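Labels below follow one simple rule: chain letters A, B, ... track the order of the sequence lines, proteins then strands, and each chain is numbered from 1. This is a predicted model, so every value here is computed, not measured.
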2 protein chains.
Amino acid sequence: MTRWSPDAALRLEEAALLLFERQGFSGTTVPQIAQSAGLTTRTFFRHFVDKRDVLFLRDREFPDVVGAALTGAPENLTGIELVKAGLLNAAVELEAWREPILTRQKIIASDEQLRERELLKREHLAEAVGKALRHRGINAGDCDLLAHTGTVIFDLSLKRWLYAPDSPSLPQVMTMAWADLERLLEGP
Amino acid sequence: MTRWSPDAALRLEEAALLLFERQGFSGTTVPQIAQSAGLTTRTFFRHFVDKRDVLFLRDREFPDVVGAALTGAPENLTGIELVKAGLLNAAVELEAWREPILTRQKIIASDEQLRERELLKREHLAEAVGKALRHRGINAGDCDLLAHTGTVIFDLSLKRWLYAPDSPSLPQVMTMAWADLERLLEGP
DNA sequence: CTAGTGATGACATTACGTGTCATCAGGGTA
DNA sequence: TACCCTGATGACACGTAATGTCATCACTAG
């Protein structure tokens, strides 16, 4: 294709994951990552806005994908049904990636700066979901509440699924979490 | 008391807010803030872990206060009642501070790095709430779900209250948001 | 009077992140 | 073939954030 390997971002991500596992996040410098991938520091920052960003390469398209799924969902669905269906659909796609996601999650959990970035990514997901709901004509005052509630369920379920010793499928965990929330809110 | 003004952190916060409003967050340097407060850069970083932290000085005790309120709440409350009551109680305390909170919120909204930190603070609140719920003997599997749902309601309500042209009280907004969520989850 | 405490100043240093220009392979066009 | 254009990268300089370390000096306790 070009004179350079076309996968600079992927090579940087791979090198970063390896170094983060061995030396920790804060114990690894960007020049180390770049050199390990055969590139320069400047090129690292062309592909990632900052050092933390390299751990979230796989999340870039996620909000748009989920948003598109919501926008293209069947008619006659309520807001809550849309959110459930859209996030459940995304959960199915993740099912095959448990191991690499778990590896990454352990790195994120080890550093508060990374947890912070993870929360921002969750917020971006919530914004995409909220936007899609508005686009579908859902009652405007409810969109943000639905979107944020959905991403909370999604996030909690993802972690239960990752860390559960005997793990049921992610969609199953999510469905159970929705049921839990409904039970809790309806009262005794 | 001491040879120095005892309110170094407060003076730094005041100077920072002024500069952020005039020049923006990224357009202001830490040396500027420190000099404006009559202190050195090194002292700034003794009071705040990083540049962003100066905007969240008022939030430091908040999770612990809410957690203590939950721990000391009346007996015989369910998990959901505890969360509602605890956050409603916190909302009452905030009622008098609408203007300064709004000022700060506008700065936060202007910079993604600050929104990111805000999300981390929200997460700390959720952790404190979850911990208090566990301490109260609430069903362990429900605590995180309740805590995160509560903080989502709290956060959305706070922003509605801040930006509503005709603002009902924050507790009122929160109560309405809880009712909205219950209605949405119970379905038609 | 003296020793100890604690917040600050002063200085050095590392690492993050950005601006800018040069380089060079491949693709399109005449 | 010859030419220009595009885009990703390298090389270099630079400002800023953030931390480690030691010195300073008012206040306090005894």
Side-chain angles (χ1 to χ4, degrees), chain A residues 1-20 22-57 60 107-108 110-118 120-121, chain B residues 1-20 22-57 60 107-108 110-118 120-121:
Chain A
M1 191 76 83
T2 62
R3 112 176 111 139
W4 307 274
S5 254
D7 53 358
L10 287 174
R11 280 186 292 137
L12 286 165
E13 182 205 30
E14 190 177 5
L17 283 170
L18 207 67
L19 289 169
F20 291 164
R22 287 208 301 239
Q23 316 170 183
F25 175 75
S26 66
T28 303
T29 68
V30 175
Q32 278 177 352
I33 300 169
Q35 187 175 11
S36 170
L39 295 165
T40 63
T41 301
R42 193 66 186 86
T43 296
F44 178 95
F45 286 111
R46 284 195 184 96
H47 288 275
F48 306 103
V49 297
D50 56 33
K51 184 180 164 186
R52 290 176 282 165
D53 192 38
V54 71
L55 268 166
F56 299 90
L57 176 61
R60 285 189 183 165
I107 299 174
I108 292 173
S110 74
D111 188 291
E112 182 143 271
Q113 291 191 355
L114 293 173
R115 290 183 47 217
E116 196 173 9
R117 176 57 50 85
E118 185 188 25
L120 184 61
K121 294 294 180 178
Chain B
M1 191 80 79
T2 62
R3 114 178 109 139
W4 308 274
S5 254
D7 53 357
L10 288 173
R11 281 186 292 137
L12 286 164
E13 182 204 30
E14 189 177 6
L17 282 170
L18 206 68
L19 288 168
F20 291 164
R22 287 210 301 241
Q23 316 170 183
F25 174 75
S26 66
T28 304
T29 67
V30 175
Q32 278 177 352
I33 300 169
Q35 186 174 12
S36 171
L39 296 164
T40 64
T41 301
R42 193 65 186 84
T43 296
F44 178 93
F45 286 110
R46 284 197 184 94
H47 288 275
F48 305 102
V49 297
D50 57 34
K51 184 180 164 188
R52 290 175 281 166
D53 192 38
V54 71
L55 268 166
F56 299 90
L57 176 62
R60 284 187 185 167
I107 299 175
I108 293 173
S110 73
D111 189 292
E112 182 144 273
Q113 292 191 351
L114 294 173
R115 291 183 46 216
E116 198 173 7
R117 177 56 50 84
E118 185 188 26
L120 183 62
K121 295 293 182 180

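Comparing C:dT8, D:dT9, C:dG17 by their closest approach to the side chain of B:His47 singles out C:dT8. Of the candidate nucleotides C:dA15, C:dT8, C:dC21, C:dT8 has the atom lying nearest to any side-chain atom of B:Ala8.
Residues from residues 30-45 of chain B placing a heavy atom under 4.0 Å of any atom in DNA chain C, listed by number, are B:Gly38, B:Leu39, B:Thr40, B:Arg42, B:Thr43.
With rounding to the nearest 0.5 angstrom, the CD atom of A:Gln32 is 9.5 Å from the CZ atom of A:Arg22. A distance of 6.0 Å separates OG1 of B:Thr28 from CD1 of B:Ile33, quoted to the nearest 0.5 Å.
B:Asp50 and B:Phe44 get closest at one heavy-atom pair: O-CE2, 3.8 Å.
Residue contacts shown for B:Ser26 are absent, as no nucleic acid heavy atom lies under 4.0 Å away.
With sequence neighbours left out, B:Glu13 forms a side-chain hydrogen bond (donor to acceptor under 3.5 Å, both in side chains) with B:Arg58.
Two residues are said to be in side-chain contact when any heavy atoms from C-beta on lie closer than 4.5 Å; A:Leu39 and A:His47 fail this criterion.
B:Leu12 has its CG atom 12 Å from the C1' atom of C:dT8, to the nearest Å. In this structure, B:Gln113 places its CD atom 14 Å from C1' of D:dA18, rounding to the nearest Å. Atom NZ of B:Lys51 and atom P of D:dT16 are 9 Å apart (whole Å). Atom CZ of B:Arg11 and atom C1' of C:dT8 are 11 Å apart (whole Å). Distance A:Asp50 CG to D:dA17 P: 15 Å, rounded to the nearest Å. Atom CG of A:Asp53 and atom C1' of C:dC16 are 14 Å apart (whole Å).
Using a 4.0 Å cut-off between charged nitrogen and carboxylate oxygen, A:Arg115 and A:Glu112 count as a salt-bridge pair.
Map A:Phe48 and B:Arg46 each onto its nearest nucleotide of DNA chain C; the residue landing nearer the 5' end is B:Arg46.
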